Amino acid sequence: MNDDHPAADEPAEAPYLRLLARGAPAEEYERPVLRARADGAPVTRLAELERAKRLALRVRDELEGRRRREAELSALFATAGDLAGLRDLDAVLQAIVQRARSLLGTDVAYLTLNDPRAGDTYMRVTEGSVSARFQSLRLAMGAGLGGLVAQTAMPYVTESYFDDERFRHTHTIDSGVRDEGLVAILGVPLALGSGVIGVLFAADRRIRVFEREQIALLASLASLAAVAIDTANLLEETRSALDGLGAANDTIRTHSAVLERASEVHDRLTELVLRGGGVDDVAAAVAEVLSGTVQVTGTGTGGEPVPAALAAAVARSRADGHAVREGDTWTAAVTAGGELLGALVLRGHPGLDPVDQRTLERAAMVTALLLLARRTAGEAEQRFRGELLDDLLDAPHRDPRLLRERAGRLRADLDVPHVVLAARPADGATADRQRLWSAASHVAATRHGLAAARDGGTVLLLPLEDGVDASTTARRLAAQLGAAVHAEVTVGASTRVPAPAAHPEAVAAGYAEAQRCVDALRVLGRGGEGAAAEDFGFLGLLLADSRDVGGFVRRTIGAVTDYDTRRGTDLVRTLDAYFASGMSPARTKDALHVHVNTVAQRLERVAQLLGPDWQQPERALELQLALRLHRLGGTG
């Protein structure tokens with residue numbers, strides 16, 4: 001039923017109450033009388049309508065007066081001032097565009113909005129732009145890459161704008177893009193509901209491929225921008241409501257308080273993002289605003305895995321894009337680019353009004369944004385660690401000062417002793433290599449070392465801990481990486497590298513040595529273990545580039561030579577003669593010209609120093625080699 005077409009059987013006041021409710025202008029109050037007169041209503045009915053009209057106009061005047069008086073109240077002025085924060089919208093959008101440019105590392109970032117009245121699209125915010133023409137562009141609807149994004153409501157990316165024929169080129173847009181020097185452009189939609197209100201772009205002045213995570217990150221930033229614009233629209237609607245519905249004071253106060261809370265939460269979450277807050281900060285802010293407890297779940301969020309009891313709720317929230325309720329628990333899925341990262345779980349709220357529900361959903365979106373940013377930063381740090389280690393291995397003649405500077409940014413100290421470790425998965429499967437690379441990168445980050453994927457496995461450069469040798473480091477790393485990838489990981493370690501920054505060539509030599517240790521472990525059937533060259537006895541001399549003969553001699557017969565030095569005895573010569581005599585005490589005493597009991601006493605002392613297994617074939621072979629090297633080189 002029309003407001004100005006009253007039914008014959010309804011009270012005369014009804015159409016005027018409807019006009020009052022929607023805040024109709026004064027001239028519309030004549031329509032009910034005119035329509036009734038045109039319909040041939042009786043004189044009494046016309047008189048009732050006239051009387052009702054005069055009363056309604058007086059009420060309207062009174063409402064207008066009350067609206068003006070109410071506007072003078074300081075509390076309503078404060079609420080209206082907060083809600084009329086359109087001056088802050090530009091700052092929020094500028095900050096979002098700046099963060100998009102920073103996180104994606106592009107030359108330029110910009111945001112365009114649709115102008116329904118003009119029927120075109122205009123440039124709202126730019127960051128990094130140097131062209132005045134580009135900054136003032138107004139684009140025809142459906143033109144350019146932005147037109148393709150707006151039409152399909154899907155992200156689009158072009159590696160080379162002028163060579164891409166998927167979208168409609170126009171002289172105006174191409175001229176602006178050419179002035180700015182842009183080549184690679186990524187655009188994502190600013191979506192509200194099922195409609196697109198604008199496009200957020202990130203662009204480079206060179207050919208570039210945007211990764212899936214970067215597209216998802218820009219899409220999350222675009223969602224945040226759309227929320228900011230939506231909030232501004234809500235505030236504008238509130239101001240219109242204040243202008244037209246002064247009579248509904250209680251309703252306005254309630255509605256304004258809700259929207260003020262929504263705006264406050266939005267501003268608070270936006271501030272968290274811009275100052276680098278974490279997911280726990282977001283959860284704490286939402287818990288405080290909604291007066292409940294908020295739990296961050298899901299390994300992607302850094303929290304506990306999503307409980308099985310919440311799996312169905314998370315799946316429903318992910319499917320329809322809204323928070324869902326089960327009992328007094330609300331669950332909002334944390335997603336980015338179709339990937340489920342976890343969930344925000346609000347407990348203690350059997351009912352949420354739409355704005356509070358939206359607050360929880362916005363918090364989930366901001367959480368996804370923070371996780372993507374953290375992931376991007378983590379991947380960048382892993383890449384930098386790998387690039388620095390690759391340079392040490394492949395270009396050892398780089399300036400040590402630059403190496404130290406790059407290492408310092410990664411909190412690594414290349415002037416302390418390190419060890420090079422080569423790690424390989426058992427079967428070399430692609431999945432195992434990827435998991436091994438991730439696990440090794442985590443170890444390198446926590447140990448202030450470096451890691452890189454190489455030769456079907458990974459190579460690590462780790463600082464040696466006090467009191468821990470290369471062999472122990474290799475065994476521990478094999479166990480740690482094996483547990484992380486759920487498969488055997490064989491680890492070989494180099495000898496000690498005193499200062500990689502001062503002697504970068506030692507890193508490549510150490511890596512070759514570590515690889516030989518891995519190969520030796522596999523040949524010996526010891527896959528899944530860790531070892532250094534020193535663990536292989538005299539074979540270690542063949543594995544190690546350094547050929548540490550003195551070290552081998554000391555490890556093998558050092559206890560005997562030290563005893564001779566301290567006591568003035570002749571155990572080394574006795575041991576040498578014993579082996580030269582075919583391990584016969586009788587022939588040994590003839591060679592030494594001593595009594596056989598003297599030989600027996602000396603051999604008993606040797607057993608105390610070297611252990612009861614010193615005459616076993618493998619041990620005896622190492623002892624004979626050490627004795628010969630000692631005799632030839634005078635090594636002690």
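Quick caveat: nothing in here was measured; it's all calculated off a predicted structure.
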**Student:** Side-chain contact test, heavy atoms from C-beta onward, threshold under 4.5 Å: evaluate it for Leu464 versus Asp469 and give yes or no.
**Tutor:** no
**Student:** If you count heavy atoms of other groups shown closer than 6.0 angstrom to CZ of Arg567, is the number above 12?
**Tutor:** no
**Student:** If you take all heavy atoms of Leu481 and Ala423, which pair is closest and at what distance?
**Tutor:** CD1-CB, 3.9 Å
**Student:** For Val108 and Gly128, work out which heavy atoms get closest and say how close.
**Tutor:** CG2-O, 3.7 Å
**Student:** Can a donor-acceptor pair be found, under 3.5 Å and without considering hydrogens, that links the side chain of Thr588 to the backbone of Ser584?
**Tutor:** yes
**Student:** Hey, could you give me the CG/CD1 distance between Leu218 and Ile96, rounded to the nearest 0.5 Å?
**Tutor:** 11.0 Å
**Student:** Do Gln515 and Val459 have side chains that get closer than 4.5 Å, going by heavy atoms?
**Tutor:** no
**Student:** Please list, chain by chain and in numerical order, all residues satisfying salt bridge (Lys or Arg N to Asp or Glu O under 4.0 Å) with Arg447, sequence neighbours excluded.
**Tutor:** Glu465
**Student:** With a 4.5 Å cut-off on side-chain heavy atoms, are Gln601 and Arg605 touching?
**Tutor:** no
**Student:** Is it true that Asp570 and Arg573 make a salt bridge, defined as a side-chain N closer than 4.0 Å to a carboxylate O?
**Tutor:** yes
**Student:** Over all heavy atoms of both residues, which pair between Pro500 and Val507 is shortest? Give the atoms and the distance, please.
**Tutor:** CB-CG2, 3.9 Å
**Student:** Report the distance from atom CG of Leu627 to atom CG of Leu575, rounding to the nearest 0.5 Å.
**Tutor:** 5.0 Å
**Student:** How would you list all residue pairs meeting ring pair (Phe, Tyr, Trp, His ring centres under 6.0 Å) that involve residues 556-578, not counting sequence neighbours?
**Tutor:** Tyr578-Trp614
**Student:** Would you check, one step at a time, whether the test side-chain hydrogen bond (donor to acceptor under 3.5 Å, both in side chains) holds for Thr574 with Arg602?
**Tutor:** CA-CA 7 Å; Thr574 301; Arg602 291 179 180 179; 2.8 Å; yes
**Student:** Would a distance-only check, ignoring hydrogens and angles, find a side-chain to backbone donor-acceptor pair under 3.5 Å from Thr490 to Gly528?
**Tutor:** yes
**Student:** Under a 3.5 Å threshold, yes or no: a donor from one side chain and an acceptor from the other, between Arg475 and Ser471?
**Tutor:** yes
**Student:** Just so I know, are the side chains of Val209 and Glu159 near enough to count as touching, which here means a heavy-atom distance under 4.5 Å?
**Tutor:** yes
**Student:** For the residue pair Thr495 and Val419, establish whether any side-chain heavy-atom pair is separated by less than 4.5 Å.
**Tutor:** no
**Student:** Verify, without hydrogens or angle tests, whether Thr598 (side chain) and Val594 (backbone) share a donor-acceptor contact under 3.5 angstrom.
**Tutor:** no
**Student:** CZ/Arg101 to CG/Leu221 distance, rounded to the nearest 0.5 angstrom?
**Tutor:** 14.5 Å
**Student:** Do Asp107 and Arg206 make a side-chain contact, defined as non-hydrogen atoms from C-beta onward lying under 4.5 Å apart?
**Tutor:** yes
**Student:** Does Glu211 offer a backbone N or O that forms a donor-acceptor pair with the side chain of Gln214 under 3.5 Å?
**Tutor:** yes
**Student:** Considering all heavy atoms of both residues, which atom of Tyr511 and which atom of Ala422 are nearest to each other, and what is their separation?
**Tutor:** CE1-CB, 3.9 Å
**Student:** If I take atom CG from residue Leu592 and atom NE2 from residue His595, how far apart are they, to the nearest 0.5 angstrom?
**Tutor:** 13.5 Å
**Student:** List the steps and the verdict of salt bridge (charged side-chain N to carboxylate O under 4.0 Å, His left out) for Asp394 and Arg454.
**Tutor:** CA-CA 12 Å; Asp394 300 330; Arg454 206 172 181 92; 2.3 Å; yes
**Student:** Locate the shortest heavy-atom distance separating Ala532 from Cys517; write the atom from each residue and the value.
**Tutor:** C-SG, 3.8 Å
**Student:** Within this structure, what is the CG-OG1 distance for the pair Leu186 and Thr158, rounded to the nearest 0.5 Å?
**Tutor:** 10.5 Å
**Student:** Is any side-chain heavy atom of Val443 closer than 4.5 Å to one of Gln480?
**Tutor:** yes
**Student:** Is there a donor-acceptor contact under 3.5 Å from the side chain of Arg411 to the main chain of His448?
**Tutor:** no
**Student:** Using the side-chain contact (heavy atoms from CB on, under 4.5 Å) criterion, which residues pair with Thr565? Sequence neighbours excluded.
**Tutor:** none
**Student:** Apply side-chain contact (heavy atoms from CB on, under 4.5 Å) to Val518 and Val491, showing your working.
**Tutor:** CA-CA 6 Å; Val518 171; Val491 176; 5.8 Å; no
**Student:** Just so I know, are the side chains of Thr329 and Leu346 near enough to count as touching, which here means a heavy-atom distance under 4.5 Å?
**Tutor:** no
**Student:** Side chains of Asp204 and Thr106: do they bring a donor and an acceptor to under 3.5 Å?
**Tutor:** no
**Student:** Testing the basics here: between Val497 and Ala506, what is the closest heavy-atom pair and its distance to 0.1 Å?
**Tutor:** CG1-CB, 3.9 Å
**Student:** Is there a donor-acceptor pair closer than 3.5 Å between any side-chain N or O of His503 and the backbone N or O of Glu505?
**Tutor:** no
**Student:** Start with the C-alpha distance between Glu513 and Val420, add both sets of side-chain angles, then the distance that settles side-chain contact (heavy atoms from CB on, under 4.5 Å), and finish with yes or no.
**Tutor:** CA-CA 9 Å; Glu513 182 179 331; Val420 183; over 6 Å; no
**Student:** Any chance you could measure Leu460, atom CG, to Thr458, atom OG1, to the nearest 0.5 Å?
**Tutor:** 5.0 Å
